[in-house]
Trainee: 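I am attaching a structure below and will ask some questions about it afterwards.
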Amino acid sequence: EMEECKKEIEKFLTIDGPMLQKLLVEYDEEGREDETAQQGSYVEEFWTDAYLTPDSSVVMNLNPFFVLEDGPDTNKSNSQTLRAASLCFSAIKFASSLKNESIVPDAFRGKPLCMDQFRALFGACRVPASSNKDNVSVNPESSHVVILENNQMYFFQALHPDGTVAVTEEDISEILIAIKADASKVQPEVSSRNSLGVLTTLPRSEWAAARDKIVSYSHANETALDIVDCALFVLVIDDVVPENVHEAAANMLHGTYNLRSGDNLIDYQAGTCCNRWYDKLQIIVCQDGRAGINFEHSAIDGHTALRFVSDIFADTVVSFAQSITKTIYSDRTFFPSLIKAEVRRASVDNPHLVAPKKISFDLPPSVLDKIYFAESALSDQIVASDTFVLEFTGFGKTLIVRNKMSPDSFVQLSMQLAYYRLYGKIVSQYEPVLTKGFYHGRTEAMRTATEPAAKFCKLWLDADATSEEKLEAMREATKYHSAGIKLAASGQGIERHLFALMKIAEKNGIPTPDFFSSTAYTKLNNTILSTSNCGNPSLRLFGFGPVVQDGFGIGYIVRDSGVQYSISSKHRQTRRYAHTLKQTLIDMGKLLQPLNSVKVASDPVQSKTSMNAPIKEEEVLEGYDDSYGETIDVRRESSESLDPRRRSAGFARVLRRQSSVSARDLNNFGELIAPCISDGSEGGAES
C-alpha cells in the first residue's frame with residue numbers, strides 16, 4: 001500500500017500537479033484583477049461550496065453548539081425568562097455595535113485578525129435551493145428578533161433604523177412573558193404537527209422543495225419566511241430541564257426526543273428537537289435557565305461564534321457588577337458596559353413598534369405531511385446518536401505548560417492514544433487551525449496521526465517500555481504536532497491547497513487525478529476522530545457531531561486545571577471511549593512532574609533547571625487559545641497598496657440581499673399577541 005501511494009504521489013507531482021497548479025495560479029490572478037469577484041484566496045470559493053453543496057441535513061452533520069456557563073446572577077441564571085432576556089439584550093447590543101462598527105476588532109498578540117465573517121453573524125440565513133447549492137443570504141438592514149416557543153414563531157423589533165437599540169432588558173422580559181402565555185394556548189400535540197422548523201433538518205433538496213410549496217401556496221407565507229430569514233437571530237425557548245450535563249449538550253446539538261401518544265393513539269413528538277430553525281444563529285434557553293448556542297456553520301467558524309458568545313456573556317457579568325455597586329458608586333463608568341450601544345427605548349414614544357407578534361403560516365396538506373416525515377427522520381437520527389461529556393479535573397493547561405509541552409498537542413495526543421488503547425488502530429484525526437491572520441481566512445487542517453504520534457501510541461502498549469521512554473516519545477509527538485500547527489496557521493499547510501487543486505480540475509472539466517481516489521488519500525479523509533478546541537471561561541462545553549458514520553465528533557476546552565470534552569457518535573461506544581480517554585489522561589499525567597515538586601537546591605546550576613525556572617508560554621503554546629496556531633504578521637497597509645478585492649466592502653461568501661420585507665411590512669405583519677409594552681421608567685443610553 002505504501003509503495004502504491006508513493007507511485008501515485010510521484011505521478012501527481014510530475015504530471016497532474018504542475019498542470020493543475022498552473023490553472024490554480026491563473027484562477028487566483030484573475031480573482032485579484034476582477035474587483036467584482038471579491039475572492040479572498042484561491043480556496044475561498046471551493047471551501048464555501050464544500051459547505052453549501054452537499055444534499056444532507058445540517059443537524060449533527062454541520063452545526064456546532066456551545067453550552068454556556070451559568071450566569072453570575074443566580075436569580076437570572078435559574079429563571080428561563082430572565083436569563084433569556086439578559087442574553088437576548090446583550091446579543092441585540094452586540095448587533096447594534098457591529099452595525100455601527102464600534103466593536104473592538106479581533107487580534108492575537110497585537111496582530112489584527114480578519115473580521116469579515118462577522119458580516120454573516122446577524123441577519124444571515126442559509127437558504128436551500130432546489131437545483132443548485134444553497135446560498136447564505138445576509139440582510140444588512142436586519143432589525144428584529146424571532147422567538148421560537150412550543151414550535152410556534154414570534155418576532156419583535158429590536159433595533160431602530162439607525163441601528164440603536166429599541167428595547168431594554170425589562171422590555172424583553174415582558175415580551176417573553178406575553179409570548180409564553182400565547183404559546184401555551186396551543187397543545188403540544190397540535191404545535192408538533194405544525195412545527196415548521198423541523199423542515200430545516202431535512203436534506204437540503206427536500207427542504208427546498210417544501211419551501212417552494214409553502215411560498216407558492218400563499219403570499220403571506222412568503223412574507224413570513226422572509227421575516228424569519230432576515231431576523232438578527234432566533235431566540236429559542238425550550239420546555240425542558242436537562243437532567244445532567246450529557247442531556248444539556250445533546251439538547252444544544254439536536255434537541256430532545258420525547259415521543260407521546262395522542263387521543264387517537266397516533267404518536268407525536270413532544271421533545272425540543274422540532275423547536276429549532278437550524279438555518280440561522282440560535283440562542284437556546286432551557287426551563288432551568290441553562291443556555292447555549294447552535295449556529296449555522298457555512299459562513300462563520302467557531303472563533304467568530306466564540307467572540308460573540310464571550311462578549312454577550314461578559315456583558316451580563318458587567319451588568320451584574322453594576323447592579324451590586326449601584327448604591328455605592330453613582331457613576332456607572334466605574335464598571336463601564338462591555339458592549340457599546342445606545343439604547344433608545346421605543347416604548348416611550350412608539351410602544352407599538354416593539355410589541356411582539358405571532359408569525360402564522362397557511363400550510364397545504366402536503367407540507368403538513370412533510371413536517372411529520374421530517375420529524376420521524378430526525379427522531380431516527382437522534383435515537384441513533386449518542387453524546388457523552390467528560391469533565392476531566394485531574395490536571396490541565398497549567399501542569400502541561402510547566403512540563404514544557406503544548407496543552408493542545410497533549411490533549412490531541414490523548415485522544416489518539418485512547419482510541420489506540422481501545423481498538424489497537426491508528427486512525428485519521430483532524431484538527432482545524434485558524435487562519436484568520438489572512439484576508440477572509442478560515443481554517444487549515446492539522447492531522448494528529450503523525451509518525452511520532454504512532455510511535456508513541458505503540459510504545460505505550462509495549463510492556464517493556466520504560467516511563468522515561470514513554471515520556472520522551474510523548475515530548476517528541478507533541479513537539480511535532482505543535483510544529484505542524486504553526487505551519488498550518490502561517491499558510492504553509494497542504495490540505496486546503498490539495499483540495500483546491502482537485503476542485504480546479506472539476507471547474508475546468510478535467511478528470512480528477514487518480515491521486516485523489518487513492519487508498520492513502522481516501523483513508524486520510526475518512527476522519528474517524530474529528531476534533532476541535534474552542535472555548536474560554538464563558539463556555540462549559542463545545543461540540544458537534546461526527547463527520548463520518550463510524551467516527552467521533554469531539555469538541556474540547558482546555559482549562560487551567562482540567563479539560564472539558566463533548567463526544568458524539570452514531571452507533572459507537574461513546575461512553576466507553578470517554579472512560580478510556582479519562583484513564584489515558586490519568587496515566588499520561590503520571591509521567592508529568594507535579595506542580596508542587598519544589599526542592600531546595602544548593603547548586604546554582606541545578607536551581608536554574610528546576611521545575612520552578614521561568615517558562616515562556618509562547619514556547620509551548622502555539623497560538624490563539626492554544627489551538628489555532630501562530631498568527632502571521634498582518635501589517636497595516638494604505639488603501640492604495642491593497643488588492644482591489646480588499647478595497648471592496650463586499651462580502652464574498654454570502655449573497656448580500658435587499659429584503660422584500662419593508663419597515664411597513666414588519667409593522668403591519670403578524671398577529672399582535674399582547675398590549676403594547678408599558679413605558680415604565682425612561683430609557684437611557686449605554687456607553
Trainee: Show me the donor-acceptor pairs, under 3.5 Å and distance only, between side chains in residues 381-389 and residues at least two apart or in other chains.
Mentor:
{"from": "S385", "atom 1": "OG", "to": "Q381", "atom 2": "O", "distance (Å)": "2.7"}
{"from": "D386", "atom 1": "OD2", "to": "T574", "atom 2": "OG1", "distance (Å)": "3.2"}
{"from": "T387", "atom 1": "OG1", "to": "S568", "atom 2": "OG", "distance (Å)": "3.1"}

Trainee: Is the backbone N or O of G197 less than 3.5 Å from a side-chain atom of T200, with the two atoms forming a donor-acceptor pair by type?
Mentor: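 Present.
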
Trainee: Is the NZ atom of K570 crowded by more than 12 outside heavy atoms at less than 6.0 Å?
Mentor: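 Count over threshold, so yes.
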
Trainee: Heavy-atom count check: over 12 atoms from other residues, nucleotides or ligands less than 6.0 Å from D239 CG?
Mentor: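 No.
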
Trainee: Indicate yes or no for a side-chain donor-acceptor contact from S310 to the backbone of L306 under 3.5 Å, with no hydrogens or angles considered.
Mentor: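 Side chain of S310 to backbone of L306, a donor-acceptor pair under 3.5 Å: yes, one is there.
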
Trainee: Going through the distances and angles, do S428 and N526 end up as a side-chain hydrogen bond (donor to acceptor under 3.5 Å, both in side chains)?
Mentor: CA-CA 7 Å; S428 180; N526 184 43; over 6 Å; no

Trainee: Going from CG on L52 to CZ on R126, what distance comes out if it is rounded to the nearest 0.5 angstrom?
Mentor: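 Spacing of CG (L52) from CZ (R126) equals 5.0 Å.
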
Trainee: Listing request: all ring-ring contact (aromatic ring centres under 6.0 Å, His included) pairs with a residue in residues 524-547, at least two apart in sequence or in separate chains.
Mentor: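 For residues 524-547: F66-F542, F542-F544.
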
Trainee: So, the side chain of S57 versus the backbone of V59: is there a donor-acceptor pair under 3.5 Å, distance only?
Mentor: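 At least one qualifying donor-acceptor pair exists.
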
Trainee: Can you label the angle between the W47 ring and the Y51 ring as parallel, tilted or perpendicular, going by 30° and 60°?
Mentor: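 Aromatic pair W47/Y51 classed perpendicular.
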
Trainee: Does the pair E671/K357 count as a salt bridge with the N-to-O cut at 4.0 Å?
Mentor: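 Looking at K357 together with E671, the answer is no, because their closest N to O distance does not fall below 4.0 Å.
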
Trainee: Quick test of your reading of the model: are K76 and E169 salt-bridged, counting only N-O distances below 4.0 Å?
Mentor: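 So K76 pairs with E169 through a salt bridge.
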
Trainee: Minimum heavy-atom separation for T584 and S414, please, with both atom names.
Mentor: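 Minimum heavy-atom separation between T584 and S414: CG2-O, 3.8 Å.
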
Trainee: Between the side chains of D279 and R204, is the shortest nitrogen-to-carboxylate-oxygen separation below 4.0 Å, so that they form an ion pair?
Mentor: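 Salt bridge between R204 and D279, a charged N being under 4.0 Å from a carboxylate O: yes.
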
Trainee: Judged by modelled atom types alone, do N525 and Y430 share a side-chain donor-acceptor pair under 3.5 Å?
Mentor: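 No, no side-chain donor-acceptor contact under 3.5 Å.
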
Trainee: Verify the distance criterion only: is there a donor paired with an acceptor across the side chains of T256 and N258 at less than 3.5 Å?
Mentor: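 The criterion, which ignores hydrogens and geometry beyond distance, is not satisfied for N258 and T256.
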
Trainee: Answer yes or no: is there an ion pair linking D288 with R83, defined by an N-O contact shorter than 4.0 Å?
Mentor: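 No, no charged N to carboxylate O under 4.0 Å.
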
Trainee: Between R193 and E375, does any side-chain N to carboxylate O distance fall below 4.0 Å?
Mentor: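 No salt bridge links R193 with E375.
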
Trainee: Nearest 0.5 Å, please: how far is OG in S532 from CG in D408?
Mentor: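 So the gap between those two atoms works out to 9.0 Å.
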
Trainee: For the OG1 atom of T74 and the CG atom of L82, what is their distance to the nearest 0.5 Å?
Mentor: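 So the gap between those two atoms works out to 11.0 Å.
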
Trainee: With side-chain hydrogen bond (donor to acceptor under 3.5 Å, both in side chains) as the test, would you mind laying out the steps for N533 and E431 before giving the verdict?
Mentor: CA-CA 8 Å; N533 176 2; E431 177 185 14; 5.4 Å; no

Trainee: Would you say the side chains of Q117 and D301 form a donor-acceptor pair under 3.5 Å?
Mentor: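 On atom types as modelled, these side chains qualify, holding a pair under 3.5 Å.
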
Trainee: For the side chain of S218 and the backbone of A220, is there at least one donor-acceptor N/O pair under 3.5 Å apart?
Mentor: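 Yes: the side chain of S218 pairs with the backbone of A220.
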
Trainee: Any side-chain donor-acceptor pair under 3.5 Å between R421 and T580?
Mentor: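 No, no side-chain donor-acceptor contact under 3.5 Å.
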
Trainee: Checking S130 against D212 for the side-chain hydrogen bond (donor to acceptor under 3.5 Å, both in side chains) test, could you report, in this order, the C-alpha distance in whole Å, the side-chain angles of both residues, the deciding distance, and whether it holds?
Mentor: CA-CA 9 Å; S130 300; D212 288 344; 2.8 Å; yes

Trainee: Identify whether the distance between the nearest side-chain nitrogen and carboxylate oxygen of D49 and K133 falls below 4.0 Å.
Mentor: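 Looking at K133 together with D49, the answer is yes, because their closest N to O distance falls below 4.0 Å.
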
Trainee: Can E206 and K370 be counted as an ion pair, charged N to O under 4.0 angstrom?
Mentor: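 Judged by the 4.0 Å cut-off on N to carboxylate O distance, E206 and K370 do form a salt bridge.
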
Trainee: Out of curiosity, I554 CD1 to I567 CD1, how far, rounded to the nearest 0.5 Å?
Mentor: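 Here the rounded value is 5.5 Å.
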
Trainee: When you measure from the centre of the six-membered ring of F65, is the NZ or CZ of R276 closer than 6.0 Å and no more than 45° off the axis?
Mentor: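 Because its charged atom misses either the 6.0 Å distance or the 45° angle limit, R276 does not stack over F65.
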
Trainee: Hey, is the main chain of D229 close enough, under 3.5 Å, to the side chain of K280 for a donor-acceptor pair?
Mentor: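 Flag set: sc K280 to bb D229 pair under 3.5 Å.
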
Trainee: Could you tell me whether a side-chain N or O of T435 sits under 3.5 Å from a main-chain N or O of T443, the two making a donor and an acceptor?
Mentor: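 Side chain of T435 to backbone of T443, a donor-acceptor pair under 3.5 Å: yes, one is there.
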
Trainee: For the pair E189 and R260, evaluate salt bridge (Lys or Arg N to Asp or Glu O under 4.0 Å) and give the outcome as yes or no after the intermediate values.
Mentor: CA-CA 9 Å; E189 180 178 1; R260 296 179 184 174; over 6 Å; no

Trainee: Between R540 and E69, does any side-chain N to carboxylate O distance fall below 4.0 Å?
Mentor: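 Not counted as a salt bridge, because no side-chain N and carboxylate O are separated by less than 4.0 Å.
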
Trainee: Using the test side-chain hydrogen bond (donor to acceptor under 3.5 Å, both in side chains), find all partners of N221 that sit at least two apart in sequence or belong to another chain.
Mentor: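 With neighbours one apart ignored, the set is empty.
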
Trainee: When rounded to the nearest 0.5 angstrom, what distance separates CE in M153 from OG in S195?
Mentor: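 Nearest 0.5 Å value for the CE-OG distance: 9.5 Å.
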
Trainee: Can we call the ring centroids of F295 and F308 under 6.0 Å apart?
Mentor: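 Here the rings of F308 and F295 have centres that are no less than 6.0 Å from each other.
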
Trainee: Test your reading of the model: is there a side-chain donor-acceptor pair from S77 to the backbone of G71, 3.5 Å cut-off?
Mentor: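 It does hold such a pair.
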
Trainee: What distance separates C125 SG from L281 CG, expressed to the nearest 0.5 Å?
Mentor: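 One finds 11.0 Å between SG of C125 and CG of L281.
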
Trainee: Do you see a donor-acceptor pair shorter than 3.5 Å between the side chains of D73 and T316?
Mentor: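 No, T316 and D73 have no side-chain donor paired with an acceptor closer than 3.5 Å.
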
Trainee: With no hydrogens and no angle check, just 3.5 Å: does a side-chain donor-acceptor pair link T531 and Q412?
Mentor: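 On atom types as modelled, these side chains qualify, holding a pair under 3.5 Å.
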
Trainee: So which heavy atom on C286 is nearest to which on N251, and how close?
Mentor: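 That closest heavy-atom pairing would be SG-ND2, 3.5 Å.
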
Trainee: Under 3.5 Å, is there a donor-acceptor pair between the side chain of Q416 and the main chain of V427?
Mentor: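 Yes.
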
Trainee: Pick out which of N294, T201, L196 makes a side-chain contact (heavy atoms from CB on, under 4.5 Å) with W277.
Mentor: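 By the side-chain contact (heavy atoms from CB on, under 4.5 Å) criterion, W277 pairs with just one of N294, T201, L196: L196.
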
Trainee: How far apart are the C-alpha atoms of E495 and R447, what are their side-chain angles, what is the distance that settles it, and do they pass the side-chain contact (heavy atoms from CB on, under 4.5 Å) test?
Mentor: CA-CA 10 Å; E495 290 207 32; R447 297 289 177 174; 2.6 Å; yes

Trainee: Above 12 or not: heavy atoms from other molecules or residues under 6.0 Å from NZ of K582?
Mentor: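 No, because the 6.0 Å sphere around NZ of K582 holds 12 heavy atoms or fewer from other groups.
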
Trainee: Would Y154 and L176 count as a side-chain contact (heavy atoms from CB on, under 4.5 Å) here? Give the steps.
Mentor: CA-CA 10 Å; Y154 304 82; L176 295 179; over 6 Å; no

Trainee: What pair of heavy atoms forms the shortest contact from V186 to Q152, and how long is it?
Mentor: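 Closest heavy-atom pair between V186 and Q152: CG2-OE1, 3.2 Å.
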
Trainee: Using the side-chain contact (heavy atoms from CB on, under 4.5 Å) rule, pick out the option among N150, I147, L148, T272 that qualifies with I237.
Mentor: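 Among the candidates, only I147 passes.
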
Trainee: For L585 and F410, run side-chain contact (heavy atoms from CB on, under 4.5 Å): C-alpha distance rounded to whole Å, both residues' side-chain angles, the deciding distance at 0.1 Å, then the answer.
Mentor: CA-CA 9 Å; L585 288 166; F410 185 95; 4.3 Å; yes

Trainee: Are a donor atom and an acceptor atom from the side chains of N194 and N151 found within less than 3.5 Å of each other?
Mentor: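 No pair is found: no donor N or O on one side chain lies under 3.5 Å from an acceptor on the other.
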
Trainee: Give the intermediate values and the outcome of side-chain contact (heavy atoms from CB on, under 4.5 Å) for residues S90 and D311.
Mentor: CA-CA 8 Å; S90 293; D311 276 24; over 6 Å; no

Trainee: R442 side chain to K436 main-chain N or O, any donor-acceptor pair under 3.5 Å?
Mentor: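 Not at all, since once roles are kept as given, no pair shorter than 3.5 Å links the two residues.
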
Trainee: Write down the atom of G545, the atom of L253, and the distance for their closest heavy-atom approach.
Mentor: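 That would be N-CD1, 4.0 Å.
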
Trainee: Under 3.5 Å, is there a donor-acceptor pair between the side chain of Q80 and the main chain of V285?
Mentor: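 Side chain of Q80 to backbone of V285: a pair is present.
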
